[in-house]
Peer 1: 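First the structure, then my questions, so here it is.
Both backbone and side-chain heavy atoms feed into the values below; hydrogens, waters and symmetry mates do not. Along the sequence shown, residues are numbered consecutively beginning with 1.
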Amino acid sequence: MLTKGGCPKNALSIKDALEALEGRWKLLILFSLSSGPKRFKQISKEVDGITDKTLSKELKHLEGNKLVKREVYDTFPPTVEYTITAHGKSLEKVMDALHYWGLAHRKEVIGK
């Protein structure tokens, strides 16, 4: 797309994708959930550096975009689990591409 030029429709779809995944945490949260359902504190421990307030906000945003499902179990106290949805799993190729681009970028910029 960068070498061929784009049209307004391309820009709109890219804007939609960026709005769903904006910020530094959402992809890391999805990566954490890719290994299976997790409770809030488990995600918090795996996503190094995220605050509970930010994690809560990001999970709500991901749920609103149907990338994550929140399930509340009828226990005492209530148990809440988060899982990645099929729609969230559809980002696998994007994550792979970002991983390889990140490796190449690190090598280009840092030389490692």
Peer 1: Who passes side-chain hydrogen bond (donor to acceptor under 3.5 Å, both in side chains) against K93, sequence neighbours left out?
Peer 2: none

Peer 1: Just to verify, what does K15 make a salt bridge (charged side-chain N to carboxylate O under 4.0 Å, His left out) with, not counting sequence neighbours?
Peer 2: E19

Peer 1: If a pair satisfies salt bridge (Lys or Arg N to Asp or Glu O under 4.0 Å) and one of its residues is in residues 74-84, list it, with sequence neighbours excluded.
Peer 2: none

Peer 1: Mind checking what makes side chain to side chain contact (heavy atoms under 4.5 Å, CB included) contact with E71, not counting sequence neighbours?
Peer 2: K69, Y73

Peer 1: Return the set of residues passing side-chain hydrogen bond (donor to acceptor under 3.5 Å, both in side chains) with T79 (not counting sequence neighbours), or none when no residue passes.
Peer 2: T75

Peer 1: Please report the shortest heavy-atom distance between I84 and K89, naming the atom on each side.
Peer 2: CG2-CE, 3.6 Å

Peer 1: Which heavy-atom pair separates E58 from I29 by the least distance, and what is that distance?
Peer 2: CB-CD1, 3.5 Å

Peer 1: Rounded to the nearest 0.5 Å, what separates atom CG in L59 from atom CD1 in I50?
Peer 2: 7.5 Å

Peer 1: Let me confirm one number: the CG-NZ distance from L62 to K57, rounded to the nearest 0.5 Å.
Peer 2: 10.5 Å

Peer 1: D52 versus K41: any side-chain heavy-atom pair under 4.5 Å?
Peer 2: yes

Peer 1: With sequence neighbours excluded, tell me which residues meet side-chain hydrogen bond (donor to acceptor under 3.5 Å, both in side chains) with S56.
Peer 2: none

Peer 1: Pairs in or reaching into residues 16-53: which pass ring pair (Phe, Tyr, Trp, His ring centres under 6.0 Å), with residues at least two apart or in two chains?
Peer 2: none

Peer 1: Among all residues two or more places apart in sequence or in another chain, which pass the salt bridge (charged side-chain N to carboxylate O under 4.0 Å, His left out) test with K53?
Peer 2: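 K53 satisfies salt bridge (charged side-chain N to carboxylate O under 4.0 Å, His left out) with no residue once adjacent residues are dropped.
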
Peer 1: Working to the nearest 0.5 Å, report the span between NE2 of H87 and NZ of K66.
Peer 2: 8.5 Å

Peer 1: Can you list the residues that meet the salt bridge (charged side-chain N to carboxylate O under 4.0 Å, His left out) rule with E46, with sequence neighbours excluded?
Peer 2: K38

Peer 1: Do you reckon V80 sits in the same ILVMFWY cluster as L67, going by side-chain contacts under 4.5 Å, direct or chained?
Peer 2: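 Yes, same cluster.
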
Peer 1: Any side-chain heavy atom of L21 sitting closer than 4.5 Å to one from N65?
Peer 2: no

Peer 1: In Å and rounded to the nearest 0.5 Å, what is the OH to CD distance from Y82 to E63?
Peer 2: 7.0 Å

Peer 1: For D96, which residues count as a salt bridge (charged side-chain N to carboxylate O under 4.0 Å, His left out) partner, sequence neighbours excluded?
Peer 2: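 For D96 there are no salt bridge (charged side-chain N to carboxylate O under 4.0 Å, His left out) partners, ignoring immediate neighbours.
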
Peer 1: Between S32 (side chain only) and V47 (backbone N and O only), is there a donor and an acceptor less than 3.5 Å apart?
Peer 2: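 No: the side chain of S32 does not pair with the backbone of V47.
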
Peer 1: Out of curiosity, E92 CD to L30 CG, how far, rounded to the nearest 0.5 Å?
Peer 2: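 Answer rounded to 0.5 Å: 12.0 Å.
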
Peer 1: Give me each pair satisfying ring pair (Phe, Tyr, Trp, His ring centres under 6.0 Å) with a member in residues 92-112, each pair once, sequence neighbours excluded.
Peer 2: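 Applying ring pair (Phe, Tyr, Trp, His ring centres under 6.0 Å) to every pair that reaches into residues 92-112, excluding sequence neighbours, yields W101-H105.
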
Peer 1: Looking at P78 and V72, what are the two nearest heavy atoms and their distance?
Peer 2: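 Taking P78 first and V72 second, the nearest heavy atoms are CB-CG1, 4.3 Å.
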
Peer 1: Taking side chain to side chain contact (heavy atoms under 4.5 Å, CB included) as the definition, give me every residue that meets it alongside L98, ordered by chain and number, with sequence neighbours left out.
Peer 2: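 Side chain to side chain contact (heavy atoms under 4.5 Å, CB included) check on L98 returns L27, V94.
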
